[in-house]
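Lettering follows sequence order; numbering is per chain, from 1.
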2 protein chains.
Amino acid sequence: MTKPIRVAVTGAAGQIGYSLLFPIAAGDMLGPDQPVILQLLELPVAMNALEGVAMELTDCAFPLLHGIETSDDPMVAFKDADVIMLVGARPRTAGQDRADLIKANGPIFTGTGEAIDAVAADDAKIIVVGNPCNTNALIASSRAKRIPLKNYTAMTRLDQNRAIGQIAAKLGAAPSDVKNVFVWGNHSDSMVPDFSLATVGGVGEGRSVTDLVGEEWLGGEFDTTVRTRGKAIINARGKSSAASAAFSAINHIHDWFLGTGHNDFVSMAVPSDGSYGIPEGIIYSFPCRITGPWQYEIVKDLEVSAETLERMQKSANELLSEREAVQDLL
Amino acid sequence: MTKPIRVAVTGAAGQIGYSLLFPIAAGDMLGPDQPVILQLLELPVAMNALEGVAMELTDCAFPLLHGIETSDDPMVAFKDADVIMLVGARPRTAGQDRADLIKANGPIFTGTGEAIDAVAADDAKIIVVGNPCNTNALIASSRAKRIPLKNYTAMTRLDQNRAIGQIAAKLGAAPSDVKNVFVWGNHSDSMVPDFSLATVGGVGEGRSVTDLVGEEWLGGEFDTTVRTRGKAIINARGKSSAASAAFSAINHIHDWFLGTGHNDFVSMAVPSDGSYGIPEGIIYSFPCRITGPWQYEIVKDLEVSAETLERMQKSANELLSEREAVQDLL
């Protein structure tokens, strides 16, 4: 029998967690033949609710779910974890600006980072979903001594998916026919959706998205819609994105493990290696190529316009100032 | 390309709906190669929230999701629908007894039944999830002139899954190793979980669950836990079962379309044909064998103990009195 993969999830009784755990147990993330053990972390105040979630997971009789563990202690929840999904974060309160949000979340991620490096599997893979995810991931990764820095990532896959969704809807195409759309930078409204290499159509018959819909829409309405989609969802639903964030996190881990299918690369926020002039020491969304199970590399050979490079730098500068705001935690 | 299957879902912006739609779009219900079009129905007051859900579905860029339609008109939402999942229902209010709940829901399902028979696909398959699901299904089916009565079903798969989950946990076995557990009767605490044919273990090496854990636990704690699980979930989560109900509805439709895998049969509440002395004219959970895509038959050749037969009759009597309570709607 295939050895189960241990998946730790924080904020497991929260809204994103509730949308995330069941599809993981159904095999959507790690494939239809890969058993999983879920290791769920919550705050002490949410342990009753988490127990209810665990009961519902048991009630589904998922064939691949070989165990459920619950804890309010990161040293227990991250023990031997192979995949760690950091979903829990302090949400933004009314009137709070981004800088305050960053400072409120920082201390959560120092403790998280220490526990991960202390007890997780040697080659654990980490995705941060809780916002501000790039800087939260940076804080957690600052505690990494044993686990490779490269394994700390943050989620911009939701932004990429939103971009693909908009293009597919505009063209009346299936989302699976839209290829090689990606996102640079911070998961904030400074992000840079990149459509310059995007194509639509079957293999060998792809046509340039830019040729089909034109720069005006792409540089205008499309760009704004993708960057501000989170707020639009809150306005419509009265709640922030949960299921779309959960399924994008599933996509992120799925592709990292099993490959990107028909896409040549995928958006992941990863520790910068200096490519494209983006400084090292921040976690930044790049197009990443999956070269094998749990192996990625930043795609380095892309032509980027001067205008895009300038916006990419602005997003990097935002991340540098976020880092400055939490400097005492690093 | 495979023709998309049109799946209509009511109560689509509710909690079960929110847990249901995304895995359907991911392929969990109809298989990894089957495109779907979602046709979502909500009350006028929830159309904003539904728009937000549709936006999030678009944002996932699901390869199999070939369309999303939203409406507050059943005649639009059920148009040409191949699969109809009736999730929306009026929840029980504080102090309301079951009889009042049944009367409050009845009128919803007469309108639903009329719209389905008027506009859905000729061979549409219906599952009622909204409670009291057996009698709601009966009311909807009472309007069937064009669509075969046999296509109207209600969900007891959650009860079956809960039973499997309890046995697997008791034995420390994987849920997939527990076979042929099923549920008779009404989806209420009169239901009869049946473990008499249940086995655990791989193919050809299955051992009787009764031999392994004993009648005392099965007839006592197990039976009570399965029948009252819904209340236990509410106590723990502070909310009723949503994701486990959603994934069980997915299981119900999946198996009806694609087969029961290693199980010989599966629990479905279907129009009684008089088997086991259960009167015709009610929708009752039987073990059902899937004989082909969208084909089921009630398993007729099972030996049932006198005690179980008596409980089965009690559950049937409850359904007869529920029918009596809505007689003017039929």
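- A salt bridge links A:R6 and A:E69; the closest N-O separation between the charged side-chain nitrogens and carboxylate oxygens is under 4.0 Å.
- Ring pair B:F247/A:F62 is perpendicular by interplanar angle, where above 60° counts as perpendicular and below 30° as parallel.
- The heavy-atom pair separating A:A249 from A:M155 by the smallest distance is N-SD, 3.3 Å.
- Of the possible donor and acceptor atoms, none in the side chain of B:S285 sits under 3.5 Å from a partner among the backbone N and O of B:N186.
- Neither the backbone nor the side chain of B:R157 comes within less than 4.5 Å of any heavy atom of chain A.
- Put simply, the side chain of A:N263 never gets that close to the backbone of A:F265: no donor and acceptor are under 3.5 Å apart.
- B:I167 does not touch chain A: none of its heavy atoms, backbone or side chain, sits under 4.5 Å away.
- Heavy-atom pairs under 4.5 Å with chain B were tallied for A:S241, A:G238, A:A245; the largest tally goes to A:S241.
- Side-chain atoms of A:K179 come within 3.5 Å of backbone N or O of A:G201 as a donor-acceptor pair.
- Paired with A:P193 under the rule side chain to side chain contact (heavy atoms under 4.5 Å, CB included), one option of A:T156, A:D223, A:L218 passes, and it is A:D223.
- Contact annotation for B:A232: both backbone and side-chain heavy atoms come within less than 4.5 Å of a heavy atom of chain A.
- In terms of heavy-atom pairs under 4.5 angstrom with chain A, the leader among B:D159, B:I233, B:V53, B:T58 is B:I233.
- Using cut-offs of 30° and 60° for the angle between ring planes, the A:F222 and A:W217 rings count as tilted.
- Looking at B:A26, the atoms closer than 4.5 Å to chain A (heavy atoms on both sides) all sit in the side chain, from C-beta outward.
- Proximity to chain B at a heavy-atom threshold of 4.5 Å picks out A:D28 from residues 27-47 of chain A, in numerical order.
- Salt-bridge annotation for A:D189 and A:R227: absent, with no side-chain N of the basic residue lying under 4.0 Å from a carboxylate O of the acidic one.
- Counting heavy atoms from C-beta outward, A:L171 and A:Q166 have side chains that stay 4.5 Å or more apart.
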Q.
Apply side-chain hydrogen bond (donor to acceptor under 3.5 Å, both in side chains) to residues A:S248 and A:N161 and explain how you reach the verdict.
A. CA-CA 7 Å; A:S248 296; A:N161 284 343; 3.1 Å; yes
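- If you measure heavy-atom distances from B:A246 to chain A, you find no contacts under 4.5 Å at all.
- Within residues 12-23 of chain A, the residues that have a heavy atom under 4.5 Å from a heavy atom of chain B are A:Y18, A:S19, A:F22, A:P23, listed by number.
- Between A:S244 and A:L158, the closest side-chain pair of non-hydrogen atoms falls below 4.5 Å.
- Judged purely by atom type and a 3.5 angstrom limit, B:S267 has no side-chain atom pairing as donor or acceptor with the backbone of B:P287.
- A:V87 places a side-chain heavy atom less than 4.5 Å from the side chain of A:V9.
- Of the listed residues (B:E51, B:H66, B:R229), the greatest number of heavy-atom pairs within a distance under 4.5 Å of chain A belongs to B:R229.
- Among the candidates B:S176, B:G52, B:G165, B:C60, the residue making the largest number of heavy-atom pairs closer than 4.5 Å to chain A is B:C60.
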